Amino acid sequence: MTVVTRFAPSPTGLLHLGTARVALFNWLYARHHGGKFLLRLEDTDRKRSTEEAVSAIIDGLAWLGLDWDGEIVRQSERMERHAEIARRLLKEGKAYRCYCTPEELAEMREAARERGSPVLYDGRWRDRDPSEAPVGVSSTIRIKSPLAGETVIKDRVQGTVTVANRQLDDMVLSRSDGTATYMLSAVVDDHDMRVTHVIRGDDHLNNAARQAILFQALGWTVPEFAHVPLIHGADGTKLSKRHGAVGVETYRDEGYLPEAIRNYLARLGWSRGDEELFTTEQAVEWFDLDRVGRGAARFDLDKLRSVNAHHIQQARDSRLVEAIRGPLAERRGRALKDRDLERLTAAMPELKPRAKSIPELVEGALFVVRDRPIEIDEKAAELLDADAKSLLRDLAGVLETLGDWNPSAIETAIRGYVAENGIRLGAVAQPLRASLTGRTTSPGIFDVLAILGKGESLGRIGDAGEG
RNA sequence: GACCCCAUCGUCUAGUCAGGUCCAGGACACGACCCUUUCAAGGUCGAGACACGGGUUCGAAUCCCGUUGGGGUCACCA
């Protein structure tokens with residue numbers, strides 16, 4: 001049997017990390033088994049669903065590289081099918097019409113709460129004769145849920161979950177306006193889409209029992225369930241806007257690589273021994289539901305940053321140059337020239353170990369694309385006193401004569417110079433760094449010289465050595 | 001409140017299903033040192049946890065019960 005998973009968000013907001021992780025698990029499981037990963041929009045609640053949210057979900061998945069198979073299914077377009085199933089259940093006597101008013105139901109809940117008993121619908125219309133129906137009042141359709149016994153869910157993550165049927169009431173399948181509720185539409189669509197594995201947040205664990213009852217009433221095969229724990233914020237409470245439950249596009253904008261997000265999210269709540277850093281291909285190869293943890297995991301930005309740093313180091317230089325190109329042009333206020341791009345490419349191996357995110361990479365690369373005379377920051381300026389300047393003028397004379405302009409040739413020349421003059425390398429390197437980068441920190445000084453090239457280097461040294 | 005789920009370093013986790021090899025391993029963060037021209041990266045070392053209480057057993061992080069704590073669900077939302 002081919003594995004079919006689905007990601008079924010309701011388009012009512014952003015695609016945040018918790019939701020993205022559920023999508024990732026579905027995707028990994030489907031890809032691991034060579035099955036299908038479907039996308040369904042649960043937009044039966046027309047009041048809350050928006051097209052902006054639909055775009056956010058689609059864009060978010062696309063950026064994360066979670067490609068789905070086939071067409072996107074919109075539940076709102078399947079309303080007639082859902083209604084058909086509700087009618088069938090009614091006809092088979094497995095469901096009934098309920099004419100309770102919202103006020104009546106609220107009273108019922110209130111009373112139950114006061115009594116301390118489970119807050120459930122009491123089934124008052126369950127066995128009434130249809131002839132008792134009030135005229136001109138629209139009804140909901142409720143399922144006739146078993147009164148006794150228990151429903152057992154074999155959950156791939158949570159294990160065997162048993163729920164007493166008396167804890168489950170006759171849930172509403174179809175609203176008084178005739179539209180299907182989530183319970184009905186999810187079951188019908190999962191069946192019609194031939195979904196074999198329902199992998200979702202464990203806030204749906206209780207629903208699984210109700211849905212299993214529905215599947216059985218319809219004579220359909222109950223899919224395998226896997227309820228994965230939710231992600232919590234750093235303070236241990238449910239992830240909310242307060243602690244960065246922002247859309248995945250925010251992470252994109254803040255310079256995280258999609259493969260880093262995938263790696264981090266996959267490892268949050270799922271593990272394969274001590275494996276921490278892996279490629280998406282490895283995750284696909286290794287992923288299994290049985291290795292998903294049962295406890296909620298907290299989101300940790302430091303760890304994400306660290307994983308991101310690793311993936312930046314793994315990324316190809318050309319891709320990183322491409323990634324920093326726009327931001328760099330913006331910072332410089334001009335488009336980058338071919339010359340800048342060449343230097344950036346040469347610099348990348350030295351730049352990337354120093355960055356945990358794209359903005360940090362941009363910051364570190366800034367010196368490469370500055371125009372002469374370059375801006376010197378305060379701390380760097382302090383290094384360029386009169387002695388340093390004369391040292392730079394002297395050193396410039398030595399570098400001028402250098403034929404081969406590569407890190408090792410430059411190093412040999414400079415080390416020779418300091419040895420001859422009996423000075424520490426640091427005494428030369430720091431002023432040199434200040435003059436070349438305008439800062440007190442940068443990649444190794446010999447690399448900086450090589451990256452900038454002979455002409456640009458001597459130019460910058462000359463600028464700083466003046467006066 | 002009722003029901004369901006969960007519980008190993010600050011955080012993510014390995015180990016739990018098949019009790020001994022675990023005075024509990026790895027990673028992030030933290031501290032020290034090494035490397036060193038700065039900052040990173042890298043390397044070495046350090047500190048840091050089986051929630052608590054009973055039981056079963058020769059032996060429990062692992063099995064059972066209870067307590068506590070955390071989370072989730074109780075809509076004509078999904």
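This structure is a prediction, so every number in the text was calculated from the model and none was measured. So you know, we letter chains A, B, ... as the sequences are listed, proteins then strands, and number each from 1.
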**Asked** Between A/S457 and A/K454, is there a donor-acceptor pair closer than 3.5 Å when you use the side chain of the first and the backbone of the second?
**Response** no

**Asked** Quick one: is A/K303 getting a side-chain N or O under 4.0 Å of the B/rG10 phosphate, OP1 or OP2?
**Response** no

**Message:** Among B/rA27, B/rA41, B/rU38, which nucleotide has an atom closest to any side-chain atom of A/Q430?
**Reply:** B/rU38

**Message:** Under 4.0 Å, counting only non-hydrogen atoms across every strand here, what does A/D169 touch: a base, just sugar-phosphate, or nothing?
**Reply:** nothing

**Prompt:** Side chains of A/N26 and A/H197: do they bring a donor and an acceptor to under 3.5 Å?
**Reply:** no

**Asked** Just by distance, do the side chain of A/E382 and the backbone of A/K379 share a donor-acceptor pair under 3.5 Å?
**Response** no

**Request:** Could you check whether A/Y264 gets within reach of a base, just the sugar-phosphate, or nothing at all, counting any heavy atom under 4.0 Å?
**Result:** nothing

**Prompt:** With a 4.0 Å cut-off on heavy atoms, is A/S174 in touch with a base, just the backbone sugar-phosphate, or nothing at all?
**Reply:** nothing

**Prompt:** Which part of the nucleic acid, if any, lies within contact of A/K356, taking any heavy atom under 4.0 Å across all strands shown: a base, the sugar-phosphate backbone alone, or nothing?
**Reply:** sugar-phosphate

**Asked** Has the side chain of A/R298 got a donor or acceptor that lies under 3.5 Å from a partner of the other kind on the base of B/rU11?
**Response** no

**Item:** d(CZ, A/R200; P, B/rC5) in whole Å
**Value:** 16 Å

**Request:** Under 4.0 Å between any heavy atoms, over every strand shown, what does A/G444 touch: base, sugar-phosphate, or nothing? Just pick one.
**Result:** base

**Request:** Take atom CH2 of A/W286 and atom P of B/rA14, then tell me their distance rounded to the nearest Å.
**Result:** 15 Å

**Fill in**
salt bridge (Lys or Arg N to Asp or Glu O under 4.0 Å) with A/D189: of A/R78, A/R6, A/R74, A/R81, only one passes, and it is A/R78

**Request:** Using the C1' atom as the reference point in each nucleotide, state the distance between B/rC17 and B/rA75 in Å, no decimals.
**Result:** 38 Å

**Presence of donor-acceptor pair under 3.5 Å, side chain of A/D274 and base of B/rG25** = yes

**Short side-chain N/O contact to B/rC28 OP1/OP2 from A/R267, under 4.0 Å** = no

**Asked** Contact class for A/R272 vs. all strands (heavy atom < 4.0 Å): base, sugar-phosphate, or nothing?
**Response** nothing

**Message:** Can you measure A/Y256 atom OH to B/rC28 atom P for me and round it to whole angstrom units?
**Reply:** 16 Å

**Asked** Of A/M183, A/H227, A/M171, which meets side-chain contact (heavy atoms from CB on, under 4.5 Å) against A/N207?
**Response** A/M183

**Item:** Base B/rC39 paired with A/R354 side chain (donor-acceptor, <3.5 Å)
**Value:** yes

**Prompt:** Has the side chain of A/D300 got a donor or acceptor that lies under 3.5 Å from a partner of the other kind on the base of B/rA29?
**Reply:** no

**Prompt:** Within the structure shown, what part of the strands sits under 4.0 Å from A/H204 by heavy-atom distance: base, sugar-phosphate, or nothing?
**Reply:** base

**Item:** Candidates B/rU37, B/rG26, B/rA29 - which lies nearest the side chain of A/E276
**Value:** B/rG26

**Any A/R291 side-chain nitrogen or oxygen under 4.0 Å from OP1 or OP2 of B/rA14** = yes

Every protein N/O lying under 3.5 Å from an N/O of nucleotides 18-20 of chain B:
none

**Request:** Please determine if A/R142 forms a cation-pi arrangement with A/Y121, meaning its NZ or CZ atom is less than 6.0 Å from the six-membered ring centre and no more than 45° off the ring axis.
**Result:** yes

**Presence of A/R305 side-chain N/O under 4.0 Å of B/rA29 phosphate oxygens OP1/OP2** = no

**Item:** Nucleotide nearest A/Q313 when distance is taken to its side chain, options B/rA41, B/rA78, B/rC5
**Value:** B/rA41

**Nucleotide forming a Watson-Crick or wobble pair with B/rA14, both distances under 3.5 Å** = none

**Message:** Is a donor from one side chain sitting under 3.5 angstrom from an acceptor on the other, for A/N308 and A/S357?
**Reply:** no

**Prompt:** For A/L205 and B/rU73, what is the distance between atoms CG and P respectively, to the nearest whole Å?
**Reply:** 11 Å

**Message:** Distance check, C1' atoms only: B/rU36 and B/rG42, in whole angstrom units.
**Reply:** 12 Å

**Prompt:** In whole Å, what is the span from the CD atom of A/E103 to the C1' atom of B/rA75?
**Reply:** 14 Å

**Request:** Assign A/R210 to base, sugar-phosphate, or nothing according to its heavy-atom contacts below 4.0 angstrom with the strands shown.
**Result:** nothing

**Item:** Any A/S442 side-chain N or O less than 4.0 Å from OP1/OP2 of B/rC39
**Value:** no

**Prompt:** Rounded to the nearest Å, what distance is computed from the CZ atom of residue A/F446 to the P atom of nucleotide B/rC39?
**Reply:** 15 Å

**Prompt:** Is A/T12 near enough to B/rA78 that one of its side-chain N or O atoms lies under 4.0 angstrom from OP1 or OP2?
**Reply:** no

**Distance in angstrom units between A/R433 CZ and B/rA40 C1', rounded** = 11 Å

**Request:** Please check if atom CD in A/E375 has more than 12 non-hydrogen atoms from other residues, nucleotides or ligands closer than 6.0 Å.
**Result:** no

**Message:** Considering every strand and a 4.0 Å limit on heavy-atom distances, what is the contact class for A/V119: base, sugar-phosphate, or nothing?
**Reply:** base

**Check: A/T437 main-chain N/O paired with A/S442 side-chain donor or acceptor under 3.5 Å** = no

**Request:** May I ask which nucleotide in the shown strands pairs with B/rG59, Watson-Crick or G-U wobble, both distances under 3.5 Å?
**Result:** none

**Request:** Scan A/P443 against the nucleic acid and name what it touches under 4.0 Å (heavy atoms): base, sugar-phosphate only, or nothing.
**Result:** base

**Item:** Plane angle bin for A/W270 and A/F287 - parallel if under 30°, tilted between 30 and 60°, otherwise perpendicular
**Value:** tilted

**Fill in**
When both distances are under 3.5 Å in a Watson-Crick or G-U wobble arrangement, the nucleotide paired with B/rU36 is none

**Prompt:** Taking atom P in both B/rA41 and B/rA27, what distance in whole Å separates the two?
**Reply:** 15 Å

